[in-house]
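Below is one structure, written out as structure tokens, with a few remarks after it.
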Protein chains: 2
Amino acid sequence: MAYDVYSAECPARAVLDHVGDKWALLVLNRLTQGATRFNALRREISGLSQKVLSQVLKRLERDGLITRQVFATVPVTVEYALTGLGECLTANVGPLLRWAETNMDQIRAAQAEYDRRLAQAA
Amino acid sequence: MAYDVYSAECPARAVLDHVGDKWALLVLNRLTQGATRFNALRREISGLSQKVLSQVLKRLERDGLITRQVFATVPVTVEYALTGLGECLTANVGPLLRWAETNMDQIRAAQAEYDRRLAQAA
DNA sequence: CCGGGCAGTTTCCCTTGCGTAACCTGGTGT
DNA sequence: ACACCAGGTTACGCAAGGGAAACTGCCCGG
């Protein structure tokens, strides 16, 4: 293995900074359902502001994970879609999100238990 | 599916906040190699400060993803290990890190290409 | 007695993330 | 002429993130 994520100098750390981004994960995952327009993404991912969305999209495009295609419709529409590289990444992201949805209850229970014990100790 | 990560109100978003954390991902992944002591983690994950490590560990413990076991040795040693829930999560995290290490080169190339075009346009 | 290792906690402080909201461009309906 | 759509960019400002480094407490070896 040429790279080692445990090393601070490893460029893979930079990738991790992008992947370890809540919004990026959600955007990427949403794009697995097909090419999507800017405002559609904004509407569907609740809590995501215009500014942050445009930043995230720019970063993902720069990383070669998504493509930005402009259509000369009226008004102009812009579609974002996964590249091959992006698809290959989302194959790994999807399970993570599904895990989060599936194991929510156990985590909330663990948190409640932890907080209870902490309160008791104090 | 009871939960929907696209909704801002979904508690799974909270989980995503933890999962979408560079340091947490690295710590979790390191623990798949077995129980590890505090300073061992700190040394092995370069760039990770004491403060951040202790914060991350506390959060992961609260989430029920890792256990903290104190041994009455001299000096006292503390071992962190994955719980069943944690193991099940890392099963999804590992591929992500491996993906980052594997596809680094393609991403760097994409970034260089993007920056080149940007410079040309300006 | 001093330094050093373990396992943290705390303080300081600077950078960044991100929500809010206004503004911009360009074309279209009314 | 005016407002409105899409798709952004920019300015503002707070609050959280996280690095550096000092401090605690305990015990060991030299």
Side-chain angles (χ1 to χ4, degrees), chain A residues 5-10 13-14 16-27 30-31 35-63 66-81 114 118 121-122, chain B residues 6-9 13-14 16-27 30-31 35-63 66-81 114 118 121-122:
Chain A
V5 286
Y6 295 128
S7 159
E9 289 72 34
C10 176
R13 276 289 180 84
L16 213 57
D17 282 338
H18 300 191
V19 164
D21 172 2
K22 184 176 65 169
W23 298 122
L25 289 175
L26 287 170
V27 168
R30 176 58 186 77
L31 289 180
T36 312
R37 285 179 302 108
F38 185 88
N39 279 327
L41 283 170
R42 199 164 84 73
R43 273 190 304 267
E44 290 178 31
I45 302 179
S46 97
L48 178 52
S49 73
Q50 246 180 7
K51 191 183 73 172
V52 172
L53 176 56
S54 100
Q55 287 172 347
V56 167
L57 289 172
K58 241 183 253 170
R59 209 166 49 184
L60 292 177
E61 191 196 353
R62 177 165 181 266
D63 289 350
I66 63 174
T67 56
R68 178 179 184 277
Q69 198 177 356
V70 180
F71 294 93
T73 53
V74 157
V76 68
T77 58
V78 181
E79 267 190 9
Y80 293 92
Y114 183 94
L118 211 110
Chain B
Y6 295 128
S7 159
E9 288 72 33
R13 277 287 180 84
L16 212 58
D17 282 339
H18 300 190
V19 165
D21 172 3
K22 184 176 62 169
W23 298 123
L25 288 175
L26 287 170
V27 168
R30 176 56 188 75
L31 289 180
T36 312
R37 284 178 302 106
F38 185 89
N39 279 328
L41 282 170
R42 200 166 84 73
R43 273 191 304 266
E44 289 177 32
I45 303 177
S46 98
L48 177 52
S49 73
Q50 267 179 358
K51 190 184 74 171
V52 173
L53 176 56
S54 97
Q55 286 172 346
V56 166
L57 289 172
K58 243 183 252 173
R59 210 166 49 184
L60 293 177
E61 192 197 352
R62 176 164 182 266
D63 288 350
I66 64 174
T67 56
R68 179 179 184 275
Q69 197 177 357
V70 180
F71 294 92
T73 54
V74 158
V76 67
T77 57
V78 180
E79 267 190 11
Y80 293 91
Y114 183 95
L118 210 110

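These numbers come from a predicted model, not from an experiment. Chain letters run A, B, ... following the sequence lines, proteins first, then strands; residues in each count from 1.
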Just verifying a value: how many Å separate A:Tyr6 OH and B:Leu26 CG, rounded to the nearest 0.5 Å?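 CG of B:Leu26 is found 6.5 Å from OH of A:Tyr6.
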So, do [X] and [Y] sit near enough that their side-chain heavy atoms are less than 4.5 Å apart?
| X | Y | answer |
| --- | --- | --- |
| B:Arg30 | B:Tyr80 | no |
| A:Val27 | A:Leu48 | yes |
| B:Tyr114 | A:Lys58 | yes |

Closest to the A:Val52 side chain, choosing from C:dC18, C:dG27, D:dG8: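 When the side chain of A:Val52 is considered, C:dC18 is the closest of C:dC18, C:dG27, D:dG8.
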Candidate nucleotides C:dA7, C:dC6, D:dG7, ranked by approach to the side chain of B:Val78 - the nearest: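 For the B:Val78 side chain, the nearest candidate turns out to be C:dA7.
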Do you know which two heavy atoms are closest between B:Leu60 and B:Ala24, and how far apart they sit?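 Of all heavy-atom pairs spanning B:Leu60 and B:Ala24, the closest is CD2-CB, 4.3 Å.
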Mind calculating the distance between [atom1] ([X]) and [atom2] ([N]) to the nearest angstrom?
| X | N | atom1 | atom2 | value |
| --- | --- | --- | --- | --- |
| A:Tyr80 | D:dG8 | OH | C1' | 8 Å |
| B:Leu53 | D:dG18 | CG | C1' | 13 Å |
| A:Glu61 | D:dG8 | CD | C1' | 13 Å |
| B:Ile45 | D:dG19 | CD1 | P | 12 Å |
| B:Arg37 | C:dA7 | CZ | P | 5 Å |
| A:Lys58 | D:dT10 | NZ | C1' | 11 Å |
| B:Gln55 | C:dT11 | CD | P | 14 Å |
| A:Glu79 | D:dG8 | CD | C1' | 17 Å |

So, does the side chain of B:Lys51 form a donor-acceptor pair with the base of C:dG8 at under 3.5 Å?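 Not at all, since no donor on one side and acceptor on the other fall under 3.5 Å apart.
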Is there a side-chain contact between [X] and the phosphate of [N], meaning an N or O under 4.0 Å from OP1 or OP2?
| X | N | result |
| --- | --- | --- |
| B:Arg43 | C:dA7 | no |
| A:Thr77 | D:dA6 | no |
| B:Arg68 | C:dG8 | yes |
| A:Ser54 | D:dG8 | no |
| A:Lys22 | C:dC18 | no |

Please figure out whether B:Gly47 or B:Gln50 has its closest DNA chain D nucleotide nearer the 5' end.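 It is B:Gly47, whose closest nucleotide lies nearer the 5' terminus.
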So which one's nearest nucleotide on DNA chain C is more toward 5', A:Val76 or A:Leu48?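 In this pair, the answer is A:Leu48.
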